[in-house]
Amino acid sequence: MIELCGTVGDVSSERRTNMVRTVRFHEIGGPEVMRLEAVEPGDPGPGEVRIRVDAIGINRAEALFRSGRYIEPVRRLPSGLGNEAAGVIEAIGPGVTGFEEGQAVSVVPNFSHNDYGVYAERAIVPASALLSRPDGIDAVSGAAVWMPYLTAYGAMVEVGGIRAGDVAVVTAASSGVGVAAIHTAARLGATPIAVTRDHAKRRRLLDEGAAEVIVSGKEDVARRVLELTGGKGAEYVFDAVAGPGVIELARAVAAGGTLFLWGAQSGQPTPYPGFDLGMPALNMRTFTQVEISRNPRLLRRAAAFITSGLRGGAFHPVVDRLFPLEQIVEAHRHMDSGERFGKIVVTVPH
């Protein structure tokens, strides 16, 4: 369990009352560098709101950021963490419209970890990162649903243009994004093929809607995809691993198909498949969900699509485990273990 660090005995009684527990790290490293400290959240500035945080969605990007392996380096220490949460608006800064105090909202990742962080009892975030929480979506679900489905929607619908009858291969399929991609492909009439390293997850992936499950390490992924598609290959491959494996994965892509890289779990350099593979023409593209969440027009469309899926039952957040805020180190260790199925959520008692 993480201990509360820092002292507040030298501050006034009024300021001490305003202190909230906040996770920060003072050095780059593993989960153990995170500390729970007493920090004053302050008041929201122009374009900002302060929320009472009730639940936090844990994402691999945060582990990469605190370990110094993220696409964006840590600019200063100590640093906060987290950009996905659910809670209630407590205060609204100048110029913010469309929201009110007491409103239940979700925070979607559209800002830098260097600028804001939601691993806390209360947090200031940009109003542009807020979505009103639909009726029937509690805080845990509201912290678990948006990043996975925004990623899946953005790559599959807005960029990829996936259509009914297409085949979509999804690697790291038991992750939150992987499961959301299976749901999204199925809702669009496409055929989702899940790839996982863990045979024990096969049954659950089928239960979540995967048409087929390929266990990497035990099966040749490209060969199996070609077998399942009559030698044609998949119109889309959505890869969260990247690294040298993309060379073989590219063989699973149909002529004119697209290999999307929406993660880099391998931590290794990613080559571009060359012309010496004896394979049809291939499109290869990186994708991050901020392409959607930082564009107000696209975010509105995505929110409408995802909300309708939630209401109709085609979508549902898959939560692996809940951890209290005091166990944020254990939550990150569980994420690093690779044992999870779906989303890890941290709850914040008040």
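Model, not experiment: these values are computed from the prediction. Because only heavy atoms are used, hydrogens play no part in the values below, and waters and symmetry mates are left out as well, while side chains stay in.
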>> Is there a continuous path of hydrophobic side-chain contacts, each under 4.5 Å between heavy atoms, that joins Ile28 to Val23?
In response: yes
> Using 30° and 60° as the class limits, which term best fits the ring planes of Phe238 and Phe260: parallel, tilted or perpendicular?
Replying inline: parallel
> So, for Met147 and Pro109, which heavy atoms are closest and what is the spacing to 0.1 Å?
Replying inline: CG-CG, 3.8 Å
> Between the main-chain N or O of Asn110 and the side-chain N or O of Arg294, is there a donor-acceptor pair closer than 3.5 Å?
Replying inline: yes
> Are more than 12 heavy atoms from other residues, nucleotides or ligands located less than 6.0 Å from atom CG of Asp207?
Replying inline: yes
> Arg187 and Ser308: side-chain donor and acceptor closer than 3.5 Å?
Replying inline: yes
> Which class fits the ring pair Tyr153 and Phe305: parallel under 30°, tilted 30 to 60°, perpendicular over 60°?
Replying inline: tilted
> Counting only heavy atoms not in Arg203, do more than 12 sit closer than 6.0 Å to its CZ atom?
Replying inline: yes
>> Whether Arg21 and Glu326 form a salt bridge (side-chain N of Lys/Arg under 4.0 Å from carboxylate O of Asp/Glu) is what I want to check.
In response: yes
> Would Lys201 and Ser174 count as having a side-chain donor-acceptor pair, cut-off 3.5 Å?
Replying inline: yes
> Given the rule that I, L, V, M, F, W and Y join up when any side-chain heavy atoms are under 4.5 Å apart, are Leu150 and Val105 in one cluster?
Replying inline: no
> For Arg301, does the CZ atom have more than 12 heavy-atom neighbours from other residues, nucleotides or ligands under 6.0 Å away?
Replying inline: yes
> Which residue, Val346, Val345, Leu81, forms the side chain to side chain contact (heavy atoms under 4.5 Å, CB included) with Ile58?
Replying inline: Val346
> Minimum heavy-atom separation for Met284 to Pro271, with atom names?
Replying inline: CE-O, 3.8 Å
> Taking the six-membered ring of Phe25, is the NZ or CZ of Arg66 close enough (under 6.0 Å from the centre) and on axis enough (within 45°)?
Replying inline: no
> Do the ring planes of His334 and Phe323 sit parallel (below 30°), tilted (30 to 60°) or perpendicular (above 60°)?
Replying inline: tilted
>> Under a 3.5 Å distance rule, please check whether Glu235 uses its side chain to pair with a backbone N or O of Gly257 as donor and acceptor.
In response: no
> Does Asp220 come within less than 4.0 Å of Arg224, counting only side-chain N to carboxylate O?
Replying inline: no
>> Checking the side chain of Asn59 only, and the main-chain atoms of Ala61 only, is there a donor and an acceptor separated by less than 3.5 Å?
In response: no
> Which atom pair, heavy atoms only, marks the closest approach of Phe65 to Gly80?
Replying inline: CE2-O, 4.1 Å
> Are Arg340 and Asp198 ion-paired here, with the side-chain N under 4.0 Å from a carboxylate O?
Replying inline: no
> At their closest point, which heavy atom of Asp54 faces which heavy atom of Gly87, and how far apart are they?
Replying inline: OD2-CA, 3.6 Å
> Do you reckon Leu131 sits in the same ILVMFWY cluster as Ile124, going by side-chain contacts under 4.5 Å, direct or chained?
Replying inline: no
>> On a heavy-atom basis, which atom in Gly142 and which in Ala86 lie closest, and how many Å separate them?
In response: C-CB, 3.8 Å
> Taking the side chain from Thr258 and the backbone from Tyr236, do they hold a donor-acceptor pair closer than 3.5 Å?
Replying inline: no
> Should Glu84 and Lys343 count as an ion pair when the cut-off is N to O under 4.0 Å?
Replying inline: yes
> Does a side-chain N-to-carboxylate-O contact under 4.0 Å join Glu291 and Arg285?
Replying inline: yes
> Among side-chain atoms of His316 and Glu208, is any donor-acceptor pair under 3.5 angstrom?
Replying inline: yes
